[in-house]
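For reference, the structure is listed below as structure tokens.
Here the structure is a predicted model, which means the values were calculated and not measured.
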Protein chains: 2
Amino acid sequence: MNTTHYQKVNAPERRAGPELMAKTAIKATRSVTRKSRANGAAAKRTRGEKVADKEEAIVAVAYEMIAAKGFARTTIAEIARKANVAEGTVYLYFENKEALASAVLSAFYKRLTAQAEAGVKKRDGVREKLIFLARHHLEGIIRESSILELITVTDRNSENYEGSALYQMNKDYVAVFDGVMREGVLTGVIAQEKASWITRDVFFGGLEYAMRTIMIRRRKKDVDAAVMGIVDMLIPPGAVQSGRTDLTALAGRLEAVASKLEGAAIPK
Amino acid sequence: MNTTHYQKVNAPERRAGPELMAKTAIKATRSVTRKSRANGAAAKRTRGEKVADKEEAIVAVAYEMIAAKGFARTTIAEIARKANVAEGTVYLYFENKEALASAVLSAFYKRLTAQAEAGVKKRDGVREKLIFLARHHLEGIIRESSILELITVTDRNSENYEGSALYQMNKDYVAVFDGVMREGVLTGVIAQEKASWITRDVFFGGLEYAMRTIMIRRRKKDVDAAVMGIVDMLIPPGAVQSGRTDLTALAGRLEAVASKLEGAAIPK
DNA sequence: TTCTGGTAATGAGTAGTATTCATTATTACT
DNA sequence: AGTAATAATGAATACTACTCATTACCAGAA
């Protein structure tokens, strides 16, 4: 275990790049020499910036490939090739394949979070916001279902999970949901009967399982059904705002149902 | 691609054993020769039975190891060694590692199903049954959380998933839940507002996510909280079984009935 | 501009594991 | 006991994550 100039750190998570990163940018330098980049590649920037670019490129390629073929079928060799780096280089930026998976998952959450925040800001009313969030999440995980697999791949190290970058990313993401729920409770639309983490797990867990069902059955309309079904569980659609039962309203409701029944067959 | 006497079938799933299986049992034969079994090993049974035994042994060993170390860290070589067979033998019984994972997952569901059915039979009342099911499932997946990983490992082949043995096992398992829910709807305790698959996904998905949260935070009491929280989402806690009638409870009951009638009688 | 210490990048080599298949052992039955 | 069919074996193959000695590159100094 001799300590060469860039040894592997024991601490998990957070490789920042080769020894550098966050070193102040200095000057513009000449353009890339060998292996001219795929894109037009204008004059290259400082060393630190190049390092950051390279890390991003690797993550981006890995993201694409994992989304397309899944984690197991994605090889480091191919990632390296498509990112225009050597295999060894990947390991300068990421401890191992799992750490790379972690970074990809973070990127996924980051993207989802940005869209979620923007979308929530646009809507009015707790119910509308929740419907948007549910649909946004469901469509996102359907589109990139392979990425979700990374949660399992990564979870092995639940030791130091709290504090990891991935944990933070996930936290930021669910915070959007939590915020909406809190708003609901404050405005009295939602009755807070249980710990918030349970509601959260039901929401995301339910959506993930719904995704699997939908992907097996391949029905477009199922997305709507799942979204509405799950939202209705969090906000009772007929929600009596006051929390007190309104007898008059109930009577009216029963009247309406009775009328409808008169014209319909008695259910089995 | 020459077809030797036992070639690999293209069809996925369902390897039954080497060419045999379901051939009629014939006679008792002498005991095991080399590699005397770990257990006392009484006189061995017919060829077909031995084959079945061997398959079970492999699955059992794989089950143990995957539950203990996870799928990736479990090697075929070690499974073979602990099951007292050669590496190649494993491939006589299972197409590949993934198919073995599938068999393990099936065994897991089978075990859960038996316990679930027995437990449900013991309880009275939809609510009690659901609480039992939720706790049973949650404790089961906490105890053997690594097994759940196999769902993802296996899911790749969603093409021919329906019809697979695994699909059937899973179906049998969730059928227990479905049965209880149906009972709830029929007795009016539960309002059937949404498609049953949504309720099901919320139930199991919510429990799985709750499991993750619980395993990270390591609080015993969280299990109870999650169980009650999720069950309450399916059966509003105020739901009256019988007996006294304060107005609020009655209203809740009527709401449920009204919803049921709407869902059942009114054509979409 | 040239030099130089240190950093980044490389890719052939190592180690480990799923999978195959020619060969050998075991049956069940005559 | 003989034998055709079947089951079992494990060394060889094919891949892939990961390492590390070597090389290329860069930023500043002279």
What is the distance from CZ of A:R73 to P of C:dA18, rounded to the nearest Å?
15 Å
When the distance from CD1 of A:I76 to P of C:dG11 is rounded to whole Å, what number comes out?
16 Å
Between P of D:dT16 and NZ of A:K97, the distance in whole Å
9 Å
For B:F94 and C:dT20, what is the distance between atoms CZ and P respectively, to the nearest whole Å?
15 Å
On the six-membered ring of B:F71, is B:K97 placed so that its NZ or CZ lies under 6.0 angstrom from the centre and within 45° of the ring axis?
yes
A:I58 CD1 - C:dA8 C1' separation (whole Å)
12 Å
Within this structure, what is the CG-to-P distance between A:N84 and C:dT10, rounded to whole angstrom?
9 Å
What is the distance from CG of B:L100 to P of C:dA18, rounded to the nearest Å?
10 Å
Measure the distance from CD on A:E87 to C1' on C:dA9 and round it to the nearest whole Å.
13 Å
What's the closest nucleotide to the side chain of A:Y93 if the choices are C:dA8, C:dT19, D:dC18?
C:dA8
Side-chain atoms of A:N96 come closest, of D:dC18, C:dT17, D:dA17, to D:dC18
Side chains of B:T113 and B:D172, donor plus acceptor under 3.5 Å
no
Taking the ring centre of each residue, are B:F204 and B:Y209 less than 6.0 Å apart?
no
Touch class at under 4.0 angstrom, heavy-atom based, for A:T89 against every strand present:
base
Starting the side chain at C-beta, find the nucleotide from D:dA7, C:dA8, C:dT19 nearest to B:L92.
D:dA7
B:E64 atom CD, neighbour heavy-atom count above 12 within 6.0 Å
no
